[in-house]
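Worksheet: the structure to be examined is printed underneath.
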Amino acid sequence: MTEVAERENVDVLKVKTKKGTEIVAVYVKNPMAKLTLLYSHGNAADLGQMYELFCELSLHLRVNLMGYDYTGYGRSTGKPTEHNTYADIEAAYRCLLETYGAKEEDIILYGQSVGSGPTLDLASRLSRLRAVVLHSPILSGLRVMYPVKRTYWFDIYKNIDKITLVQCPVLVIHGTADDVVDCSHGKELWELCVEKYEPLWVKGGNHCDLELYPEYIRHLKKFISAIEKSARLKNLSGPLPDHGDKHRVSTDCRDKPRPSTDRVDQLRPSVDCRDKSRSSVDRREKTKKNVEHVGKSTNAVDQPEKARNSIDRYRSHDSSDPPVSMCVCDTHDKTRTKSRSQDFPSLGFMHL
């Protein structure tokens with residue numbers, strides 16, 4: 001990483017994967033951070049191009065951020081393949097846990113374009129993950145070029161089949177004028193999400209310029225804020241006994257009116273006494289009707305209350321911060337695009 005300026009809050013490290021390759025990663029530290037973002041970049045990019053953006057995102061989102069180069073990219077060794085990218089993100093994730101002490105429930109996976117492939121593959125296998133961000137994602141490799149209706153065995157990055165396995169909140173960001181991966185990819189993935197967060201459809205946004213739109217950073221900050229607050233609400237509802245006892249008292253208050261139903265039951269012995277003192281058949285029939293009438297009223301009072309359904313929603317809160325001007329490296333570098341397009345020649349990943 002000699003092409004970029006050194007910073008005190010940035011670590012550059014090499015991480016070994018289970019496939020035997022060695023990938024290069026950067027870790028940007030933020031002293032105010034509570035969450036950590038694991039960023040998987042697109043096909044026509046590397047750490048040198050993404051470095052400044054990583055630092056900006058870490059600063060304005062107040063998160064720690066790790067980015068990495070796939071096998072065969074930049075200074076990483078080996079040959080890039082689909083399954084190698086899965087091993088790459090696992091190695092980066094393991095590095096966060098073992099080297100930096102991050103916890104699964106404090107990690108957000110961020111996948112841009114082809115990076116949505118390894119992101120969703122890992123997210124589908126983590127049950128306590130905090131959240132996922134999909135930036136200009138793909139339904140699958142084959143679907144980028146052809147509008148196929150089914151998944152074939154030779155397809156790669158089958159996100160359409162994995163998105164339903166992700167149990168955490170998912171934010172989808174896509175440009176409406178994307179001429180590389182149509183916006184319909186992002187919309188269909190969002191529809192398939194188990195736990196949806198308000199998506200961002202950037203009007204006029206293309207495939208590699210969404211960071212330049214003010215609403216991009218604003219929406220991301222709202223998302224991060226909502227995720228942090230949702231965690232605080234979960235903590236408040238759990239281990240605090242004082243608050244728990246107060247809530248129990250309130251439920252007991254709702255139970256107090258129940259003795260009123262017992263008053264109806266107390267009337268029943270008097271009805272039975274009247275039955276014994278009456279000898280005529282007509283009076284007995286009238287008594288039966290009176291008893292049935294009292295029984296019906298008793299059942300009406302004894303009906304259990306309908307269960308109240310509560311729906312926990314992640315609410316986004318408008319940020320009062322002014323738009324942030326993002327520093328973005330050009331991901332349309334022709335030389336880089338040409339070299340990366342050779343990695344997946346059968347599927348034609350030219351600019352993803």
Side-chain angles (χ1 to χ4, degrees), residues 1-30 33 36-59 61 63-102 107-123 133 135 157 208 211 326-344 349 351-352:
M1 295 280 295
T2 57
E3 301 85 357
V4 297
E6 293 185 3
R7 303 192 185 191
E8 293 183 357
N9 66 322
V10 178
D11 294 338
V12 180
L13 56 158
K14 292 184 178 181
V15 182
K16 290 185 178 180
T17 74
K18 65 181 182 181
K19 296 283 189 177
T21 62
E22 195 173 59
I23 62 173
V24 179
V26 295
Y27 182 77
V28 186
K29 293 169 282 190
N30 187 315
T36 300
L37 198 72
L38 179 53
Y39 197 114
S40 300
H41 61 66
N43 186 54
D46 58 21
L47 287 181
Q49 294 173 325
M50 303 297 296
Y51 181 76
E52 291 297 331
L53 176 62
F54 288 169
C55 294
E56 293 289 327
L57 287 176
S58 175
L59 174 65
L61 298 180
V63 297
N64 299 316
L65 189 149
M66 173 169 278
Y68 63 98
D69 264 343
Y70 306 119
T71 295
Y73 280 60
R75 299 292 180 88
S76 298
T77 64
K79 181 180 179 180
T81 65
E82 176 192 8
H83 291 284
N84 276 345
T85 61
Y86 296 156
D88 297 338
I89 193 172
E90 285 183 14
Y93 172 74
R94 188 174 64 251
C95 179
L96 286 177
L97 300 182
E98 298 175 357
T99 304
Y100 294 101
I107 294 177
I108 300 173
L109 299 185
Y110 189 116
Q112 179 182 7
S113 191
V114 165
S116 62
T119 292
L120 284 178
D121 182 77
L122 180 60
V133 179
H135 176 150
Y157 298 125
C208 297
E211 299 90 347
M326 304 301 296
C327 179
V328 185
C329 297
D330 183 13
T331 56
H332 284 290
D333 181 64
K334 295 181 179 179
T335 304
R336 184 64 186 168
T337 300
K338 182 178 180 181
S339 61
R340 289 299 105 217
S341 66
Q342 297 173 357
D343 299 337
F344 304 100
F349 283 127
H351 310 280
L352 299 185

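Positions are given from 1 along the sequence.
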Practice prompt. Would you sort out whether Asn43 and Tyr73 count as a side chain to side chain donor-acceptor pair (under 3.5 Å), showing the intermediate values?
Written response: CA-CA 9 Å; Asn43 186 54; Tyr73 280 60; 2.4 Å; yes
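Checked against the 6.0 Å centroid criterion, the rings of Phe54 and Tyr51 do not qualify as a close aromatic pair.
Proximity of a side-chain donor or acceptor of Ser58 to a complementary backbone N or O of Val63 within less than 3.5 Å is detected. With hydrogens and angles disregarded, no donor-acceptor distance shorter than 3.5 Å links the side chain of Glu98 to the backbone of Cys95. Using modelled atom types, one side-chain atom of Thr85 and one backbone atom of Glu82 make a donor-acceptor pair closer than 3.5 Å. Asn9 places a side-chain N or O within donor-acceptor distance of the main-chain N or O of Lys29, the cut-off being under 3.5 Å.
Between Leu38 and Leu96 there is a side-chain heavy-atom pair separated by less than 4.5 Å. Between Leu65 and Tyr27 the shortest side-chain heavy-atom distance does not fall below 4.5 Å. Proximity of Leu109 to Leu122: side-chain heavy atoms (C-beta onward) are separated by under 4.5 Å at one or more points. Using a 4.5 Å heavy-atom cutoff, the side chains of Lys19 and Lys79 are not in contact. Side-chain contact between Val24 and Val12 is present, with heavy atoms from C-beta onward closer than 4.5 Å.
A distance of 4.5 Å separates CD1 in Ile89 from OG1 in Thr119, rounded to the nearest 0.5 Å. Of the inter-residue distances, the one linking Leu53 atom CG with His41 atom NE2 reads 11.5 Å to the nearest 0.5 angstrom. To the nearest 0.5 Å, atoms CE (Met50) and OG (Ser40) are separated by 10.0 Å. The OG1 atom of Thr17 sits 8.0 Å away from atom CZ of Arg94, with the distance rounded to the nearest 0.5 Å. A distance of 12.0 Å separates CG of Leu37 from CG of Asn30, quoted to the nearest 0.5 Å.
Under the 3.5 Å distance criterion, with hydrogens and angles disregarded, no donor-acceptor pair is assigned to the side chains of Ser76 and Tyr68. For the residue pair Asp11 / Tyr100, a side-chain donor-acceptor distance below 3.5 Å is found, with atom types taken as modelled. For the residue pair Thr77/Thr21, the side-chain donor-acceptor check at 3.5 Å is not satisfied. A donor and an acceptor atom, one from each side chain of Tyr86 and Glu90, are nowhere located under 3.5 Å apart.
A salt bridge links Glu52 with Arg7: the distance from a Lys NZ or Arg NE/NH1/NH2 to an Asp or Glu carboxylate oxygen falls below 4.0 Å. At a threshold of 4.0 Å, the pair Asp69-Arg75 does not count as salt-bridged, since none of the basic side-chain nitrogens sits closer than that to a carboxylate oxygen.
For the residue pair Gly42 and Ser113, the shortest heavy atom distance occurs at CA-CB, 4.3 Å. Residue Val15 comes nearest to Ala25 through the heavy atom pair CG2-CB, 4.5 Å, listed as atom of the first residue, atom of the second, then distance. Taking each heavy atom of Val133 and Ile108 in turn, the nearest pair found is CG2-CG2, 4.1 Å. Here the closest heavy-atom approach between residue Cys55 and residue Val10 is recorded as SG-CG2, 4.3 Å.
Between Tyr110 and Tyr39, the ring planes lie parallel to each other; the angle is under 30°, not in the 30° to 60° tilted range.
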